[in-house]
2 protein chains.
Amino acid sequence: MTSTDSSGVRPTRQRRAVAAALEDFDDFRSAQEIHEALKAAGDNVGLSTVYRALQAMADAGELDMLRSEAGEAVYRRCSGSHHHHLVCRVCGATVEVEGPTVERWTRAVAAEHGYADVSHTLEIFGTCARCHRG
Amino acid sequence: MTSTDSSGVRPTRQRRAVAAALEDFDDFRSAQEIHEALKAAGDNVGLSTVYRALQAMADAGELDMLRSEAGEAVYRRCSGSHHHHLVCRVCGATVEVEGPTVERWTRAVAAEHGYADVSHTLEIFGTCARCHRG
DNA sequence: ATTCCGAATGAGAATCATTGTCAAGTCAGC
DNA sequence: GCTGACTTGACAATGATTCTCATTCGGAAT
């Protein structure tokens, strides 16, 4: 699992299909949903392969992965840089947000308690304007 | 009507046992680990009951629940107020941290994008001083 | 104390996402 | 066209969590 890969994931028909499917979504989708979408589109890709492709792409930093409230892993294409997500808990609409403030704060807190090698997870959930009015 | 601690969880032998087990831990534990601990201590409590008790207590705000990197739910007793966690990824040592800054920031970001009813999850992972020196 | 009823329990089955297995398929380069 | 390493996919296996349902318990009213 150590990345001897030069820069990314070796492109096969299946992996390209998974990547393409993700382009069609704006929000986070589970492996199973992507598998369904591919089947519906006529691209037959095994479920295991979808899981492997998603993990590989997430490892390569080409995807964001987070856990839904139900605890299942969901994926979304993303920009390369570090950021967080503002997710509508009704329709799933997602906005990428950046926060130097937060980054600084977490680093400071960790340092204050003597923790090194710091990483963090931060997701914001809410009801987007459209769903809120509805 | 003079029940001090009843926020909806009826105290039974089993629930008291679960609560007591959590007192013995400083870090996050899975339902299964707690079930094991109870069995080891001679308190026989069904696994389903442990799950139910934990969920009920988490709903009542008496526990913190978060998902380990492996995706399983882990629980820890906690203070009532809103806070986040700084967790050692080696030994699990946990510090509760508060951050008005972060709270303010998330609210601002959400508002800026028209999101209402905002909640968020934030966990910080690192290597604590003791494990770091190791 | 006794009764009564809804809530709680527990043993096991059921569910469901995810991972492992391994034979068959694919592709590059020789 | 052959070889070998990597990839795929059907299916089994795993493992956490939830469901089922007959039984038991708690505690308020009697």
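All heavy atoms count here, side chains included; hydrogens, waters and symmetry mates do not. Numbers restart at 1 for each chain; the letters A, B, ... are given by sequence-line order, proteins then strands. Note that the structure is predicted; figures quoted are calculated from it, not measured.
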Proximal nucleotide (of D:dT17, D:dT7, C:dT18) relative to the B:R67 side chain: D:dT17
Whole-Å distance separating the CG atom of A:L47 from the C1' atom of D:dT7: 16 Å
Distance below 4.0 Å between A:R15 side-chain N/O and D:dT8 OP1 or OP2: yes
Separation of atom CG in B:L54 from atom C1' in C:dT9, rounded to whole Å: 15 Å
Residue whose nearest DNA chain D nucleotide is more 5′ - B:V74 or A:V45: A:V45
Any side-chain heavy-atom pair of A:H84 and B:H120 under 4.5 Å: no
Phosphate OP1/OP2 of C:dT19 contacted by A:Y51 side-chain N/O (<4.0 Å): no
Residue B:A73, side-chain atoms from C-beta onward, closest of D:dT18, D:dT17, C:dT18: D:dT17
A:T121 side chain reached by B:L122 side chain, heavy atoms, under 4.5 Å: no
Nearest-neighbour nucleotide for the B:R52 side chain, D:dT20, D:dG9, D:dT7 considered: D:dT20
Test item: A:R67 side-chain N/O and A:G71 main-chain N/O as donor-acceptor pair under 3.5 Å: yes
Gap between atoms CZ and P, on A:F28 and C:dA17 respectively (whole Å): 19 Å
Side-chain-base donor-acceptor pair under 3.5 Å for A:S30 and C:dA17: no
Transitive ILVMFWY side-chain link B:V87 to A:V118, under 4.5 Å: no
Atom pair distance, as rounded to whole Å: CE in B:M65 and C1' in D:dT17: 11 Å
Short side-chain N/O contact to D:dC25 OP1/OP2 from B:Q14, under 4.0 Å: no
Contact under 4.0 Å: A:Q32 side-chain N or O vs C:dC16 OP1/OP2: no
Sugar-phosphate only, base, or nothing, as touched by B:E33 at under 4.0 Å among non-hydrogen atoms: nothing
Spacing between A:N44 atom CG and C:dG25 atom C1', to the nearest angstrom: 15 Å
Protein-nucleotide distance (A:R16, atom CZ; D:dT8, atom C1'), rounded to Å: 15 Å
N or O in side chain of B:Q55 less than 4.0 angstrom from D:dT17 OP1/OP2: no
Check: B:F28 ring centre within less than 6.0 Å of B:H85 ring centre: yes
Along DNA chain C (nearest heavy atom to each residue), the more 5'-positioned of A:E72 and B:T12: B:T12
Whole-Å gap separating P (C:dA17) and CD1 (A:I34): 14 Å
